[in-house]
Every structure is written in C-alpha cells, then in structure tokens.
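Before any comments, here is the structure.
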Number of protein chains: 2
Amino acid sequence: MSEPLRADAARNRAAILRATEELLTSSHPRQISMEQVAAAANVGKGTVFHRFGSRDGLLHELMRERARDLEIAITTGPPPLGEGAPPRARLLAFLTAVVEVVARNKGLLAALGTGAPGAGAPKQEPREEHPVYRSWHGHISRLVHERRPDLDADMLAHVFLATVHSEPILNALERGDGDRLDRTLRDLVTGLMPE
Amino acid sequence: MSEPLRADAARNRAAILRATEELLTSSHPRQISMEQVAAAANVGKGTVFHRFGSRDGLLHELMRERARDLEIAITTGPPPLGEGAPPRARLLAFLTAVVEVVARNKGLLAALGTGAPGAGAPKQEPREEHPVYRSWHGHISRLVHERRPDLDADMLAHVFLATVHSEPILNALERGDGDRLDRTLRDLVTGLMPE
DNA sequence: CCGTAAGTTGACTATCGGTCCACTTTACGG
DNA sequence: CCGTAAAGTGGACCGATAGTCAACTTACGG
C-alpha cells in the first residue's frame with residue numbers, strides 16, 4: 001500500500017506524531033502551530049510538511065492512529081463490539097466506544113471536520129470525507145439498517161456522529177460528562193430500536 | 001439597549017452585513033476574508049472591525065439577524081411554534097424551523113461554533129456560548145423536560161443541535177436533503193416522545 | 001565504497017486577522 | 001448658519017502562521 005520509509009524518515013514521522021499528541025493534551029488543536037509541532041519533535045518545519053502534506057494531513061493521520069484500535073475491535077474483535085451480538089447491542093457498544101475515543105481526543109475530530117478547500121481557484125466541492133468518519137458512519141448505518149430497514153440509516157448515522165463534532169458537547173466531555181452523553185445516546189437508540 | 005448609530009455608520013453597518021450575506025451565498029465562511037467583506041461593502045477594513053469587533057463578531061451579528069424571525073415566532077407567534085401546542089408538536093415544529101434556517105445559511109452556525117480563545121495567554125476557558133445557540137438550546141431543553149422530565153433534557157438538546165453543527169449534514173442540506181434530515185429528527189423525537 | 005533517490009531544513013512568501021491613528025463626517029447647541 | 005466635539009472612517013502597518021523551495025545531507029542497494 002505504501003513504500004516503506006527510510007529509517008530516519010520513520011523515526012521523524014513517529015517523533016512528529018508523538019509531539020503532536022503531547023501538545024494536544026494541553027491545548028486545543030486550533031492553537032497549535034506547525035512550527036510548535038516541528039520544534040517539539042526536533043525537526044524542521046519542512047520535514048513536517050514533507051511527510052504530512054498539510055496541517056490537516058497531520059491531524060488526519062493522528063486521528064487514523066487513534067481510531068485504529070476501535071476499527072480492529074469492530075471488525076475482528078469479540079461481541080458486543082465485534083460481530084455476534086444483535087445490532088442494537090453492537091450499536092450501543094460502538095457509540096460508547098466512540099464517545100470514549102473522542103473524549104480522550106478532545107477537539108481532534110472537530111478540528112478535522114472543519115477544513116477549507118485548497119487554493120483560490122473556484123474549487124467548490126464539498127471536500128472529501130475523512131476516512132475515519134466514513135468508516136464510523138458506515139458501521140452505524142449498517143447496524144441501524146439491519147434492525148430498522150424502514151429508517152433513513154444514512155442520515156441517522158450522520159446525526160449520531162454529529163454529536164462528536166459539536167463544540168458544546170466536546171466541552172461537556174472535557175468536564176467529564178461522558179457518561180451523561182452516553183446515557184442520552186442510549187435513550188435515543190432505545191427509542192428507535194426497542195427490545 | 002444600544003445607542004442609535006450615526007447615519008453613515010448605520011448605512012455602512014447595513015452595507016457590510018449585506019455584503020457578507022452576498023459573499024456567503026457563494027463561499028464557505030472560512031474562505032471569506034475580512035478584507036473581501038470590506039471591499040465588497042465599499043468600506044475600509046478598519047470600519048468593519050470598528051463596528052463588529054472581530055470576524056466572529058460579524059458572523060455572530062449576522063446569525064442573530066437570521067435567527068430573529070424564529071425567535072419571535074416561538075415567543076409570541078401562534079402554535080405550533082408558539083405557545084399553545086403540546087410539547088412534542090412544538091419541538092417538531094421548532095426543529096423543522098431550525099433546519100430550515102440553517103439550510104438557508106450554510107455553514108454560518110458551524111463557523112460560529114468554532115472559535116479559539118484570544119491571545120497566547122493560558123486562557124483555557126471553554127469560550128462563551130453563542131446567544132442564538134443558547135436560546136435554541138434552552139427552548140429545546142424546556143420542551144423535552146416538559147414531556148419527559150426523566151430524561152437528561154440538557155444533553156439531549158445539545159445532541160439535537162449538534163446536528164446543525166456537522167459538516168457532512170450541512171453538505172447534505174446543501175444538496176437539498178433538508179426533508180430527509182427533518183424526517184430523521186422526527187423519527188428520533190417520536191421515539192422519545194411517543195403519542 | 002559510491003551513486004542516487006529520499007529526506008531534511010529554515011529562510012522566504014503570501015495571506016489574513018486585528019490595530020492604530022490621522023483624517024473626515026455628522027449632529028447639535030447656541 | 002456655524003463651530004466644535006464626538007463618532008466614524010480607512011488603509012498602512014504588525015505579528016502570526018500555513019505552506020514553498022532550492023540547497024544540502026543521509027540512507028542504502030549493488
């Protein structure tokens with residue numbers, strides 16, 4: 001899928017990601033400059049851009065990393081996250097897991113969701129969806145459809161995920177209200193998928 | 001509440017707001033620079049800042065304007081938006097109206113929801129909520145609580161509003177999927193507030 | 001070893017939000 | 001009317017920051 005990196009490149013890549021995580025624990029993504037990241041990783045700014053292309057690319061990649069465990073859990077792990085449990089249980093487990101991942105990553109997802117297209121050219125495309133978002137959306141959508149094929153599973157999945165894009169909710173999570181959100185989502189799902 | 005503006009100031013204020021709306025119809029808020037706004041309104045950049053304080057202030061004020069009609073409708077208008085109808089009907093009518101307002105205003109709300117605190121100082125407060133958001137949140141929260149005092153109305157209201165913060169959903173709205181979203185929200189509310 | 005492709009770097013550019021202050025316009029009391 | 005002070009105006013300027021680039025360094029297969 002991708003050429004292996006040279007030893008120094010791999011080292012720097014890891015250092016940059018680690019430094020970004022580090023900075024992320026103490027600041028909102030919007031306040032972290034690429035220069036800060038480069039400095040914290042002990043590399044030149046150019047290196048950061050060479051590897052990740054852009055600010056969004058870096059955040060994007062970091063998110064990918066953070067989401068990997070969950071991805072594995074739902075595809076090859078045991079129920080209720082993995083296959084085997086009924087859709088409703090899987091959905092509830094998944095939403096709980098997503099809330100947990102997002103809570104641990106503050107505004108990362110939110111920052112990702114907000115990117116402007118490139119140059120000044122009249123590129124007006126809605127911007128490609130983030131792979132992690134796509135994966136999560138597909139999973140929710142599939143589970144909902146399985147149990148309630150009469151609903152608009154696609155839109156419903158977007159609505160559920162919107163939750164973790166919302167700044168007020170992110171703030172609530174930061175205050176430790178993760179379980180409140182969890183219970184609320186549970187109530188919503190239960191309303192839609194009884195039993 | 002506020003001193004009346006001088007004639008020229010009022011004229012320019014209106015021109016700036018109108019120019020911003022104009023630009024907003026053809027671009028995402030993030031790509032509109034204050035310089036563009038100033039140019040489009042035929043005023044100096046300084047004037048824009050003098051009147052609105054900041055980029056956020058301008059967007060903020062514009063949103064306020066856009067939300068005014070809805071505000072009036074729910075406080076003094078006829079049912080089902082205004083008082084008189086049962087909570088469920090009022091909530092459904094309100095959500096439909098919100099979707100409609102947001103659909104007509106693209107990412108305005110989304111752009112508002114995303115602001116970083118000020119200077120470099122370690123000001124880490126969660127940032128004050130937008131008045132329009134607060135008003136909408138309070139309204140939803142009250143209606144939910146009236147019918148289902150057992151639920152976490154506060155969090156639930158955040159979840160409903162998160163919907164209009166989400167970029168994928170905003171894109172869907174732009175594609176004319178407003179009624180799909182509307183139906184989906186209706187399903188969610190119905191699941192929670194049956195009858 | 002050596003050639004070379006990959007990687008590194010920080011000075012440089014472009015852009016943009018926001019500030020500042022000298023200048024202009026308006027409102028209004030006399 | 002007119003003089004004046006308060007309000008408003010505008011654009012040069014500043015600091016920050018995402019992203020570029022061309023010269024330089026390094027890893028590594030043969």
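Keep in mind the model is a prediction, meaning the values are calculated, not measured.
Taking atom CG of Asp56(B) as the reference point, atom C1' of dC16(C) lies 14 Å away to the nearest angstrom. Between the C1' atom of dA7(D) and the CZ atom of Arg11(B) lies a distance of 14 Å, rounded to the nearest Å. Atom pair Ile16(A):CD1 and dT8(C):P shows a separation of 8 Å (rounding to whole Å applied). For the pair Phe52(B) CZ and dT19(C) C1', the computed distance is 18 Å after rounding to whole Å. Leu5(B) places its CG atom 19 Å from the P atom of dT25(C), with the value rounded to the nearest Å. We find that NZ of Lys45(A) is positioned 7 Å from P of dA18(D), with the value rounded to whole Å. Rounded to whole Å, the distance from CG on Asn42(B) to P on dG11(D) is 10 Å. Rounded to an integer number of Å, the gap from Glu35(A) CD to dT20(D) P is 14 Å.
When distances are taken from the side chain of Met34(B) to each of dT25(C), dG17(C), dG7(C), the shortest belongs to dG17(C). The side chain of His50(B) lies closest to dT9(D), out of dT9(D), dA18(D), dG19(D). Comparing dA18(D), dG8(D), dG18(C) against the side chain of Phe49(A) picks out dA18(D) as the nearest. Between dC13(D), dT8(C), dG8(D), one nucleotide has an atom nearer to the side chain of Ala9(A) than all others, and that is dT8(C). You'll find that the side chain of Arg55(A) is closest to dG19(D), out of dG19(D), dT9(D), dG18(C). Residue Arg6(A) places its side chain closer to dA27(D) than to any other of dT19(C), dA27(D), dT8(C).
Using a 4.0 Å cut-off, some side-chain N or O of Asn12(B) falls inside it from OP1 or OP2 of dT9(D). Listed pair Thr47(B) / dG8(D) fails the phosphate criterion, with no side-chain N or O lying under 4.0 Å from OP1 or OP2. One finds a side-chain N or O of Arg51(B) lying less than 4.0 angstrom from the OP1 or OP2 phosphate oxygen of dG8(D).
Side chain to side chain, Asp182(A) and Thr96(A) meet the donor-acceptor criterion of an N or O pair below 3.5 Å. Between Ser141(B) and Asp154(B), the side chains place no donor N or O within less than 3.5 Å of an acceptor N or O (distance only, hydrogens not considered). A donor-acceptor contact closer than 3.5 angstrom links the side chains of His158(A) and Tyr133(A).
Within the nucleic acid shown, Leu58(A) has no heavy atom closer than 4.0 Å to any nucleic acid atom.
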Please assess Glu35(A) against Arg55(A) for the test salt bridge (charged side-chain N to carboxylate O under 4.0 Å, His left out), listing each intermediate value before the final yes or no.
-> CA-CA 11 Å; Glu35(A) 220 129 33; Arg55(A) 174 199 188 73; over 6 Å; no
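By the neighbour-count criterion of 12 heavy atoms within 6.0 Å, atom CD of Glu21(A) is densely surrounded, having more than that number from other residues, nucleotides or ligands.
If Val43(A) and Ile32(B) are placed on DNA chain C by their nearest nucleotide, the residue sitting closer to the 5' end is Val43(A). If you find the closest nucleotide of DNA chain C to Asp8(B) and to Ser33(B), the one lying nearer the 5' end belongs to Ser33(B).
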